[in-house]
Amino acid sequence: MRRRWSPIAAGFATACCVLTLVALTGYAPAGPGRQEGGSTLSVTPLAVARSLPAEPMQVSGDLAPCALLTSAQVHQLGLNPGAQQPAGDARGGPSCVWKTFVAARWGGEYLARLLHGPTPGGTPAASINNLPTVEYRPPNLDPGAYCVYLVTVAPGTTLWAQYGGPNQSGITHVIACRNAQAAASDMSGTFRSLSS
């Protein structure tokens, strides 16, 4: 004879299954300090934030933009190797574009570029790796599918970190910004380690 589950045990088992599914499909928060939307978003864990300088670092020379993500970071973000693109204007050198794998949850492209001199204005955003950060909305990009962060990584040098997925179903500005912030955190950290 089969034994029946009590209502409490059945409810507990159902709750465990639901929580497991939520965690596996990615609807849980992205990690400590990462929440959806709002200007209170911080991508710098507290322990790391204490060890990072509050001011941008001095940089001795120009770095190749494709070097701003390490191979481990490229793998973690689910990206193909970066492809260098020519400079778009006099403010900075070339850029690097990484495309997500087809199987990635949110397809799209990441872009990194180092700008020199004055940068476009933007909306102040939560600092990334304790560095001054603004969200910039270029007029030629759909704000619903793209997000750009400008992070001052050294005096006179600003990291342009961008994520976009215009042809992806379900992409929102919040999702694009979450992805751009994660990349900007990795890129600015790599910049710091390569510049020291």
Side-chain angles (χ1 to χ4, degrees), residues 26 30-31 34 41 43 56-57 59 61-123 125-126 128-129 131-154 156-195:
R34 294 186 184 184
L41 185 63
V43 296
M57 299 182 65
V59 62
D62 213 10
L63 299 173
C66 289
L68 292 173
L69 286 178
T70 66
S71 58
Q73 291 165 335
V74 167
H75 179 72
Q76 180 184 8
L77 291 169
L79 305 174
N80 289 311
Q84 189 161 312
Q85 307 293 315
D89 59 37
R91 275 196 295 247
S95 60
C96 188
V97 174
W98 296 266
K99 294 185 179 188
T100 56
F101 293 131
V102 175
R105 179 159 184 229
W106 301 109
E109 295 180 347
Y110 292 85
L111 181 138
R113 183 174 179 210
L114 292 172
L115 304 176
H116 304 288
T119 58
T123 305
I128 295 176
N129 287 339
L131 298 169
T133 305
V134 297
E135 181 184 341
Y136 174 58
R137 293 191 179 197
N140 62 328
L141 297 179
D142 174 11
Y146 284 91
C147 187
V148 175
Y149 283 100
L150 301 177
V151 182
T152 304
V153 292
T157 304
T158 302
L159 167 66
W160 174 302
Q162 171 182 314
Y163 175 83
N167 299 323
Q168 303 304 315
S169 63
I171 190 79
T172 65
H173 185 71
V174 171
I175 292 167
C177 285
R178 185 184 314 140
N179 290 342
Q181 285 174 327
S185 178
D186 288 345
M187 291 170 187
S188 61
T190 301
F191 179 90
R192 177 173 285 137
S193 68
L194 293 174
S195 298

* Asked: Considering all heavy atoms of both residues, which atom of Thr190 and which atom of Gln73 are nearest to each other, and what is their separation?
  -> OG1-OE1, 3.0 Å

* Asked: Please walk me through it: do Ile128 and Gln181 pass side chain to side chain contact (heavy atoms under 4.5 Å, CB included)?
  -> CA-CA 7 Å; Ile128 295 176; Gln181 285 174 327; 4.2 Å; yes

* To do: Check side chain to side chain contact (heavy atoms under 4.5 Å, CB included) between Glu109 and all other residues, then give those that pass, not counting sequence neighbours.
  => Val97, Lys99

* Asked: With side chains defined as the heavy atoms from C-beta onward, is the minimum distance between Pro138 and Val148 less than 4.5 Å?
  -> yes

* Asked: Quick one: CG on Leu131 to CG on Leu150, what's the gap to the nearest 0.5 Å?
  -> 12.5 Å

* **Exam field: side chain Ser185 to backbone Ala182, donor-acceptor pair closer than 3.5 Å** => no

* Return the minimal non-hydrogen interatomic distance between Gln85 and Pro94, and the atom names on each side. => O-CB, 3.0 Å

* To do: For Ala176, check side chain to side chain contact (heavy atoms under 4.5 Å, CB included) against everything at least two apart and list the hits.
  => Cys147, Tyr163

* At what distance, to the nearest 0.5 angstrom, does NE2 of His116 lie from OG1 of Thr158? -> 9.0 Å

* **Flag, side chain of Ser195 to backbone of Phe191, donor-acceptor distance under 3.5 Å** => yes

* Asked: How far does CG of Leu115 sit from CH2 of Trp160, to the nearest 0.5 angstrom?
  -> 6.5 Å

* Val151 and Ala184: which non-hydrogen atoms are nearest, and at how many Å? -> CG2-CB, 4.3 Å

* Asked: Do Leu159 and Tyr149 come within less than 4.5 Å of each other through their side chains, counting heavy atoms only?
  -> no

* To do: Heavy atoms only: give me the nearest Gly121-Tyr136 pair and the separation to one decimal.
  => O-CD1, 3.0 Å

* Structure fact -> Of all heavy-atom pairs linking Cys96 and Gly82, the shortest is SG-CA, 3.6 Å

* Side chain proximity check, Gln162 to Leu141, heavy atoms < 4.5 angstrom -> yes

* Asked: If you measure from OG1 on Thr70 to CG on Asp186, what distance do you get to the nearest 0.5 Å?
  -> 7.0 Å

* Asked: Atom CE of Met187 and atom CG of Leu114: how far apart are they, to the nearest 0.5 Å?
  -> 10.0 Å

* Asked: To the nearest 0.5 Å, how far apart are CG in Asn179 and CD1 in Ile171?
  -> 6.5 Å

* Listed partners of Tyr146 passing ring pair (Phe, Tyr, Trp, His ring centres under 6.0 Å), at least two apart -> none

* Could you list the residues that satisfy side-chain hydrogen bond (donor to acceptor under 3.5 Å, both in side chains) with Ser95, not counting sequence neighbours? => none

* **side chain to side chain contact (heavy atoms under 4.5 Å, CB included) partners for Pro81, two or more places apart** => none

* Structure fact -> Sorted by chain and number, sequence neighbours left out, side chain to side chain contact (heavy atoms under 4.5 Å, CB included) with Val74 holds for Leu69, Leu79, Trp98

